[in-house]
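Here the structure comes first, spelled out in structure tokens, and everything after it is commentary.
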Amino acid sequence: MPTHFFAHLSDRALIRVGGPEAQHFLQNLVTSDIDTVDKTGASAGALLTPQGKILFDFLIYKAEDGYLLDSPATTAPDFLKRLTFYRLRAKVDLELLDAGTGVLAVWGEPVETATAQLRITDPRLEALGQRLVGPVAEMTSELGDSDAGLAAYHTHRIGLGVPEGLQDFDYSDIFPHDADLDQLGGVSFSKGCYVGQEVVSRVQHRGTARKRFVQIESSGPLPGKGSDVKAGGKTIGTLGSSTTSEAGSTGLALMRLDKVVQAKDNGSLLECGDAEILVKLPEWAGFSLPEPGAAD
């Protein structure tokens with residue numbers, strides 16, 4: 001029985017941000033505190049619209065020659081263009097790395113590798129495991145027979161209740177609090193201004209985050225991403241990614257928490273497609289369901 005599993009995250013790409021003003025550039029642009037990244041080596045983060053919605057989400061790593069942004073591969077070219085748009089005259093180098101340099105996720109027992117250029121505990125949640133950055137072919141060869149595949153990694157992530165952009169939500173649609181980014185270390189409320197910061201701070205200080213990604217469970221199969229979660233025929237949430245096993249299905253859904261409580265009080269079934277579901281908060285969640293009667 002292997003003590004660890006790994007997967008090449010072929011759905012991710014790396015953008016290098018270097019140059020003498022890279023730290024200042026990122027600190028004034030993204031939700032992460034780059035001072036903290038300099039100390040700890042990694043953070044979750046996002047680039048927001050001026051209205052405070054997630055334009056791109058990512059993990060950021062401190063590297064010898066600057067920083068690496070680990071983001072979805074399909075939108076990485078657009079992410080690079082947006083960073084270039086904000087660069088103006090700053091002394092910053094931006095580069096989308098070749099796919100030969102990539103990211104492996106390792107969960108279970110930590111591993112030591114000679115070929116990885118960076119080895120980082122996932123900054124969102126320790127239970128997610130490690131992220132190894134380096135030459136994909138060499139790292140994969142070194143880790144050998146414990147390759148579980150990309151689908152197994154997402155099953156692991158969903159089981160821990162951690163949402164990701166494009167897997168669970170579309171960009172420019174939701175706020176950082178909706179995506180639990182504030183809970184997973186991806187938003188600084190003390191570092192000062194960045195794009196969209198006023199909206200995010202207002203939600204935090206007023207405690208007005210009513211929608212959150214939570215876990216849902218069903219004894220049967222769940223429908224596809226984007227399906228409505230309903231109570232009493234009314235939509236109260238949207239399904240993100242999900243996974244199915246012999247025991248049933250588990251998924252992540254963006255839910256109006258007050259409506260979940262109201263449905264429970266009214267005795268209404270929660271349904272997604274043809275599946276009856278149960279809602280539970282991730283173990284790491286620092287938020288709770290509101291008191292009964294809180295729904296508008």
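The basis for the numbers below is simple: all heavy atoms, side chains too, and nothing from hydrogens, waters or symmetry mates. Please read all numbers here as calculations on a predicted model, not as lab measurements.
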Between [Y] and [X], does any NZ, NE, NH1 or NH2 come within less than 4.0 Å of an OD or OE carboxylate oxygen?
{"X": "Asp180", "Y": "Arg124", "value": "no"}
{"X": "Arg12", "Y": "Asp70", "value": "yes"}
{"X": "Arg16", "Y": "Glu95", "value": "yes"}

Any sub-3.5 Å donor-acceptor pair from [X]'s side-chain atoms to [Y]'s backbone N or O?
{"X": "Ser249", "Y": "Gly220", "value": "yes"}
{"X": "Gln27", "Y": "Ile34", "value": "yes"}
{"X": "Thr31", "Y": "Gly186", "value": "yes"}
{"X": "Thr243", "Y": "Thr250", "value": "no"}
{"X": "Gln215", "Y": "Gly159", "value": "yes"}
{"X": "Asp78", "Y": "Thr75", "value": "no"}
{"X": "Asp122", "Y": "Gly129", "value": "no"}
{"X": "Ser201", "Y": "Glu198", "value": "no"}

Apply the test side-chain hydrogen bond (donor to acceptor under 3.5 Å, both in side chains) to residues Tyr194 and Asp33: give CA-CA distance (whole Å), side-chain angles for both, the deciding distance (0.1 Å), then the verdict.
CA-CA 10 Å; Tyr194 52 85; Asp33 186 347; over 6 Å; no
List, one per line, each side-chain donor-acceptor pair under 3.5 Å for residues 102-117, sequence neighbours excluded.
from	atom 1	to	atom 2	distance (Å)
Glu112	OE1	Arg119	NH2	2.9
Thr115	OG1	Glu142	OE1	2.7

Is there a path of hydrophobic side-chain contacts, each under 4.5 Å between heavy atoms of I, L, V, M, F, W or Y residues, that connects [X] with [Y]?
{"X": "Leu55", "Y": "Leu181", "result": "yes"}
{"X": "Phe58", "Y": "Leu184", "result": "no"}
{"X": "Leu48", "Y": "Phe25", "result": "yes"}
{"X": "Leu278", "Y": "Leu160", "result": "no"}
{"X": "Leu88", "Y": "Leu80", "result": "no"}

If you define the side chain from C-beta out and look only at heavy atoms, does anything of [X] sit under 4.5 Å from [Y]?
{"X": "Val203", "Y": "Asp182", "result": "no"}
{"X": "Val30", "Y": "Ile60", "result": "no"}
{"X": "Glu164", "Y": "His154", "result": "yes"}

Once you measure the plane-to-plane angle for Phe189 and His205, does it fall in the parallel (<30°), tilted (30-60°) or perpendicular (>60°) bin?
perpendicular
More than 12 foreign heavy atoms under 6.0 Å from CG of Asn266: is that the case here?
yes
If you count every heavy atom of other residues, nucleotides or ligands that lies below 6.0 Å from Lys62 atom NZ, does the total exceed 12?
yes
Is there a side-chain contact (heavy atoms from CB on, under 4.5 Å) between Arg256 and Lys234 once you walk through the steps?
CA-CA 12 Å; Arg256 273 283 300 267; Lys234 295 183 178 180; over 6 Å; no
With side-chain contact (heavy atoms from CB on, under 4.5 Å) as the criterion, how do His177 and Phe287 come out once you've worked through the C-alpha distance, each side chain's angles and the decisive distance to 0.1 Å?
CA-CA 11 Å; His177 284 80; Phe287 57 89; over 6 Å; no
Full working for side-chain contact (heavy atoms from CB on, under 4.5 Å) between Val229 and Val260:
CA-CA 10 Å; Val229 178; Val260 172; over 6 Å; no
Trace of the side-chain contact (heavy atoms from CB on, under 4.5 Å) decision for Leu9 with Leu150:
CA-CA 6 Å; Leu9 302 186; Leu150 183 60; 3.7 Å; yes
